[in-house]
Amino acid sequence: QVQLVESGGGLVQAGGSLRLSCAGSGRTLRSYGMGWFRQAPGNEREFVAAISWTGGNTYYADSVKGRFTISRANGLNTVTLQMNSLKPEDTAVYYCAQNAGAGTAVDPNAYVSWGQGTQVTVSS
């Protein structure tokens, strides 16, 4: 089973940017779709973005569309989430996840491996 480790979280002012990275080890991520989810205190885990195994297809939650960009570097076994124009409501723990299949998926039940999460805090 692959191990996923997120990095890049932190504290940023509203309007700022952060770049989250997810590094995989133990198995290649090349054949699998990948996703980012987030969970704020008292809320359920919610979908943020997904990318297919080739990187050719991406899908975003309406709340982040136009502000966040998901990408992958299969040669480096990494997935990245570039977050721009951050808002206080983006504050959450962000999780990287590996899809059981090769495409994009919104349902967290489609994902079989999860990282430990990285905290993103956006101040107003």
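Being a predicted model, the structure only gives us computed values, none of them experimental. Sequential numbering from 1 along the given sequence is applied to the chain's residues.
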Inset, instruction - Determine yes or no for a side-chain-to-main-chain donor-acceptor pair under 3.5 angstrom, with Asn84 supplying the side chain and Ser17 the backbone. - result: no
Legend entry - Atom pair CG/SG of Leu81 and Cys96 - distance to nearest 0.5 Å: 9.5 Å
Inset, instruction - Quick one: closest heavy-atom pair of Pro88 and Ala14, and the distance? - result: CD-CB, 4.1 Å
Inset, instruction - May I ask you to decide if Ser123's main-chain N or O and Gln13's side chain share a donor-acceptor pair within less than 3.5 Å? - result: no
Legend entry - Any donor-acceptor N/O pair, Tyr111 side chain to Ala105 backbone, under 3.5 Å: yes
Legend entry - Exercise: identify the closest heavy-atom pair between Gln98 and Arg27: OE1-NH2, 3.3 Å
Legend entry - Same cluster (ILVMFWY, side-chain, under 4.5 Å), Val79 and Val48: yes
Inset, instruction - For residues Pro108 and Phe37, determine if any side-chain heavy atom of one lies less than 4.5 Å from a side-chain heavy atom of the other. - result: yes
Inset, instruction - Return the orientation label for the Tyr94 and Phe68 ring planes: parallel under 30°, perpendicular over 60°, tilted otherwise. - result: tilted
Legend entry - Positive for side-chain contact (heavy atoms from CB on, under 4.5 Å) with Val12, one of Thr121, Thr91, Leu86: Leu86
Legend entry - Asn74 side-chain N/O to Trp53 backbone N/O, donor-acceptor pair under 3.5 Å: yes
Legend entry - Nearest-0.5 Å distance that lies between atom CG in Asn99 and atom CG in Leu29: 11.5 Å
Legend entry - Donor-acceptor contact present, side-chain Arg67 to main-chain Gln82, <3.5 Å: no
Inset, instruction - Verify, without hydrogens or angle tests, whether Glu6 (side chain) and Gln116 (backbone) share a donor-acceptor contact under 3.5 angstrom. - result: yes
Legend entry - Beyond-backbone contact of Arg72 with Met34, side-chain heavy atoms, under 4.5 angstrom: yes
Legend entry - In one Ile/Leu/Val/Met/Phe/Trp/Tyr side-chain cluster, 4.5 Å: Tyr95, Leu20: no
Inset, instruction - Taking the six-membered ring for Trp and the full ring for Phe, Tyr or His, determine whether the centres of Trp36 and Phe47 are under 6.0 Å apart. - result: no
Legend entry - Test item: Arg38 and Val93 side chains (from C-beta on) under 4.5 Å apart, heavy atoms: no
Legend entry - Side chains of Thr104 and Asn57, donor plus acceptor under 3.5 Å: no
Legend entry - Salt bridge flag under 4.0 Å for residues Lys87 and Asp90: no
Legend entry - Side-chain donor-acceptor pair present, Ser113, Gln1, cut-off under 3.5 Å: yes
Inset, instruction - Might you point out which heavy atoms bring Thr80 and Ser21 nearest each other, and give the distance in Å? - result: OG1-OG, 4.1 Å
Inset, instruction - May I ask you to test the Leu18-Val120 pair for a side-chain heavy-atom distance under 4.5 Å? - result: yes
Legend entry - Tyr60 vs Ile70 side-chain heavy atoms within contact, under 4.5 Å: yes
